[in-house]
Amino acid sequence: MAPDQIFHLITWFSIAASLAALVVAGGLTGWVLKQPAGNARMQEIAGAIQEGAAAYLNRQYTTIAGVSVVLAALIFFFFRTPEDTMHGLVPALGFVVGAVFSGFAGYAGMNISVRANVRTTAAAERGLPQALDVAFRGGAVTGFAIVGLGLLGVAAFFMWLFPTDLAAEAASHNRELFNLALEGMGFGASLISLFARVGGGIFTKAADVGGDLVGKVEAGIPEDDPRNPATIADNVGDNVGDCAGMGADLFETYVVTMIAGMLLGQFAFPGSAQGVLLPLALGAAAIVASIIGSFFVRLSASENIMGALYKGLFATTAVAVGLFYYLVEKVMGENAMPFFWAGSIGLAVMVLITLITEYYTSTNFRPVKVIAEASQTGPATNIISGLAVGMESTAVPIVIIIAGIAGSFFMTQGLATEGVETVIMGAYGIAIAAVGMLSTAGMVVAIDSYGPITDNAGGIAEMSELPGTVREITDKLDAVGNTTKAVTKGYAIGSAGLGALALFITFTKKVDGFENLKGIVYTLQDPMIIIGLFLGGMLPFLASSMFMNAVGKAAQAVIVEVRRQFREMPGIMDRTQKPDYGKAVDLVTRAAIREMLLPGAMAVLAPVVAAFVGIKLLAGMLSGAILTGMLMALMMATGGGAWDNAKKYIELGSFGGKGSDAHKAAVVGDTVGDPFKDTAGPALNPMIKILNIVALLVVTAFATQLHP
C-alpha cells in the first residue's frame, strides 16, 4: 500500500474509532437510564447526590474556566509572531480543546455515575449479576467517552495540520503548528486533570474522613447511616473524586502519552509520517478491542466479580495484540516487528501492574490481611503496617516499569537510520510502549468507574433501609470496587511515568533544536543539574503536603459540623429529626475549590521560573519530579487502597467484625489512607506531566531568553 494511502487509512480509521467509542458511550447511557430506579426513598437520596455533585462540579468548572481563559490569552500572546498569528492561535486553540474535552470527559462520567448508582441498588434487589451489569455499563460510559474524546482531539488536529506531502514548501510550517497544537492540548488536559483530581480528591476525602470519625468511631453508627449529616457529602465525593476526577485524569494521561509518542515520532522518522501515524493506529485499534472486550464481562457460576471484570480486560488485551500486529505492519513495513513488540510490552506492563496492585489491595491476599491483623493492637500498629505495605508496594511495579523501559528501548534502538540517534529511536520505542499501555484505557476506566457506582449503591441501600440481602450484594460489589479503583490508579501512575519519560526526552531534543541552546550536556557533575534534581524531587513532597493539609482542614470543618448537628439536634439519633445534609455539602465544596488553586499554580509556574534561571536547572527539576513523583504516587495510592480494604476485611467478620476494637483501629487507619489514595497519590500523576508539558511550551516561547 502506498504511503499516501496508509496515511489516509490510519487517519480515517482513528476518526471512525473515536466516533464509535462515543456512540457506544451514548448507547450505554441510554441502556442505563432505562433501568428501574427503585422506590421513592431511593430516588430521593439519589436526587440529593445528583444535586450535590452537579453543584460542586459546576462551581469547580466555573472557577477553572476563569483560569483557563487567562492562560489561553497568555499562550496566544507569547506564541504569536508579527508575521503569523497562527503561531499563537493554534496552541491557544489546542489548550482550549484539551481543557474542554478533559472537563467534558469528567462531567459525562459523573453525570451517568450519579444515575447508575441508584439503578445498581435497584438491580441488587434482583440479584448480583444484574447489579454487576448496571454498574459496569455505567462505568463503561466514562471509559469510552475518555478514549473517544482523546483520540478524536488528537486525530482532528493531525488531519488539519500534519502535511501528507512532507517535501512541500509548507510542510515544515504545518508540522510546527501541529506540534504547538499538541503541546497546547496536552497543557489544557493536564491543567483540568490536576484541578479535578485535587478538588475532587479534597471533597471526597474530607467528607469521608470527617463523617467516618464522628459517625463510626464516636457515635457508633454504621457507614452510610442516614443519621450522619456527612453521608450525602460522602456519596457526592465518590462521584466528583473517583468519576469526574479519574475521568479527567485518565483523559489527560491518554492524550499526553499519545502526544509524547507523536512528538518523538517526528524525531525518530524525520521526513516521514510513520512515527506520527503509529500512535494513532494503536489508539484506534485498542478502542475497537475495548468495545469487543466489554461484551466479555459476565459473571460465572462461581460469582467471582473480579474474575468477570478480568474477562473483559484480558479479552481486550488479546484482541488489541492481534490488531496491533496487523496495523503496525501496515504503518512500519519491514521494520514492523520491533515496534509491535514495543506496543505489546506496554500491554504486558498494564496487565502485570494490574495484577500486582490487586495483590496489594485485595482482601484475598497477604498485605491487606497483615494490616487487618495489626489493627487488633490499635490504630498505631495499623498505621505502621499500612505505611510499610505502601512502601513495599513500590518495588515490584518499579521493576516492571524498568523492564518495560529496557525492553522497548533495546527492541527499537537498532532501527536508527542515518541522522537519527539510537537514543531517540529507543526513546520512541518507550513512547510506543506507553501508548500500548494507555491504549486500553477505555476498558480499564470502565472497570475503575464501576467502583464509585457500587460504593454509592451501598450507601443508597443503607440510607433507604433496604433488606440486608441487598446490602450484602452491594458490599460484595463495593469490596471489589475498592480494588478496581486502586488498580486503575496504579495503571495511571505507571503509564504516566513512561509518558513523562518520553516527554522529557522530547524536551531535551527540542531544546537542542534552538541555536542558542544547542549542545547542552546534561551531567551529574554540573551543579545546576544537581540543584534542579533536588528541587524537582522536593516538589511532589511539597505538593503532597498541600493536598494532605487541605483534606485535614476540610475534614476538621466537617467534624465540627457533624458534632454540632448531633449536639443541637438530638432527634437525629432517634430519627425524629432529619440532618442538614446540604450544610456539609456546601462546606466541603467551598474548601475544595479554595484549596485546589495553589497546587495548580505551583505546577504551572515552577517550570516557568526554572526556565528563566537556566535550561539545565529546568532539566534537572523535571528529572527529579518524575522519579520521586512516581514513587510517592505508587506508595500512597496502593497503600491507601490496602488500608481501605483492611477495614472492609474486618467488616466482613474477621478479628471481631464491625464495632470491634480492631474495626475502630482500622477506621482510623483508613482515614489516613483515604487522602493518600484518593487525593495526594493520584494528583501527583497529572502534576509530573504538567511540569513536562509546560516545559515544552516554555522552551518554545522563551528560547531566545533562556541561557544554558
Side-chain angles (χ1 to χ4, degrees), residues 175 179 182-183 186 253 255-283 328 331-332 335-346 348-349 398 400-439 494-513 517-523 529 615 618-620 622-627 630 688-689 691-693 695-696 699:
R175 289 178 68 161
N179 292 344
L182 290 187
E183 291 166 12
T253 303
V255 166
V256 168
T257 303
M258 192 76 68
I259 288 170
M262 297 172 88
L263 292 175
L264 266 177
Q266 295 175 59
F267 293 119
F269 294 91
S272 169
Q274 285 178 299
V276 185
L277 284 172
L278 186 55
L280 285 176
L282 298 184
V328 172
V331 175
M332 308 307 290
N335 292 325
M337 287 310 294
F339 293 105
F340 164 73
W341 288 117
S344 299
I345 284 171
V349 170
I398 288 295
I400 291 170
I401 291 168
I402 289 170
I405 290 171
S408 54
F409 183 91
F410 291 114
M411 190 71 65
T412 59
Q413 68 162 353
L415 299 176
T417 56
E418 186 177 351
V420 177
E421 301 170 62
T422 56
V423 68
I424 294 301
M425 189 60 77
Y428 181 64
I430 295 171
I432 292 303
V435 170
M437 185 178 180
L438 252 299
S439 65
S495 57
L498 291 178
L501 178 60
L503 282 174
F504 176 72
I505 296 170
T506 304
F507 164 80
T508 60
K509 188 67 179 174
K510 188 172 185 179
V511 167
D512 203 45
L517 301 176
K518 188 182 291 292
I520 293 178
V521 178
Y522 305 99
T523 171
I529 296 289
I615 196 66
L618 177 57
L622 297 177
S623 304
I626 291 170
L627 179 59
M630 274 193 66
I688 61 176
K689 292 196 295 298
L691 291 170
N692 283 273
I693 283 286
L696 284 172
V699 166

Ser272: what forms a side-chain hydrogen bond (donor to acceptor under 3.5 Å, both in side chains) with it, not counting sequence neighbours? Gln274
Straight-line distance of Ile398 CD1 to Met630 CE, nearest 0.5 Å: 4.0 Å
How long is the straight-line distance from CG of Leu627 back to CG of Leu622, given to the nearest 0.5 Å? 13.0 Å
Over all atoms of both residues, closest heavy-atom pair of Ile693 and Gly186: CG2-C, 3.9 Å
Apply side-chain contact (heavy atoms from CB on, under 4.5 Å) to the pair Leu282 and Val328, showing each step before the final yes or no. CA-CA 8 Å; Leu282 298 184; Val328 172; 3.9 Å; yes
Test Leu278 against Met332 for side-chain contact (heavy atoms from CB on, under 4.5 Å), laying out the working first. CA-CA 8 Å; Leu278 186 55; Met332 308 307 290; 4.0 Å; yes
What ring pair (Phe, Tyr, Trp, His ring centres under 6.0 Å) pairs are there with at least one residue in residues 411-435, not counting sequence neighbours? Phe269-Tyr428, Phe339-Tyr428
OG1/Thr506 to CD/Gln266 distance, rounded to the nearest 0.5 angstrom? 9.5 Å
How close do Pro279 and Gly275 get, heavy atom to heavy atom, and via which atoms? CD-O, 3.3 Å
Glu183 vs Leu263, side-chain contact (heavy atoms from CB on, under 4.5 Å): CA-CA, chis, key distance, verdict: CA-CA 9 Å; Glu183 291 166 12; Leu263 292 175; 4.2 Å; yes
Which atom pair, heavy atoms only, marks the closest approach of Phe504 to Ala619? CE1-O, 3.4 Å
List the residues meeting side-chain contact (heavy atoms from CB on, under 4.5 Å) with Leu498, not counting sequence neighbours, and say none if there are none. Ile401, Ile405, Ile430, Ala434, Met437
To the nearest 0.5 angstrom, please state how far the CZ atom of Phe409 sits from the CG atom of Leu501. 9.5 Å
Please name all residues satisfying side-chain hydrogen bond (donor to acceptor under 3.5 Å, both in side chains) with Asn692, sequence neighbours left out, ordered by chain then number. none
Between the side chain of Thr412 and the main-chain N/O of Met425, is any donor-acceptor distance below 3.5 Å? yes
Decide yes or no on side-chain contact (heavy atoms from CB on, under 4.5 Å) for Leu182 and Met258, but give the supporting numbers first. CA-CA 9 Å; Leu182 290 187; Met258 192 76 68; over 6 Å; no
For Phe267, enumerate each residue passing the ring pair (Phe, Tyr, Trp, His ring centres under 6.0 Å) test, keeping only those at least two apart in sequence or located in another chain. none
Non-hydrogen atoms of Ile432 and Ala342 that approach each other most closely: CG2-CB, 4.1 Å
Shortest non-hydrogen contact between Ile688 and Ala500, atoms and distance: CD1-CB, 4.5 Å
Non-hydrogen side-chain atoms of Ile615 and Val699 separated by less than 4.5 Å: yes
For Ala260, give me all partners under side-chain contact (heavy atoms from CB on, under 4.5 Å), at least two apart in sequence or on another chain. Ala502, Leu503
Shortest non-hydrogen contact from Gln413 to Thr422? CB-O, 3.6 Å
Nearest 0.5 Å please: distance from the CD1 atom of Ile400 over to the CD1 atom of Ile345. 13.0 Å
Please identify which of these residues, Leu264, Val423, Ile424, meets the side chain to side chain contact (heavy atoms under 4.5 Å, CB included) condition with Lys509. Ile424
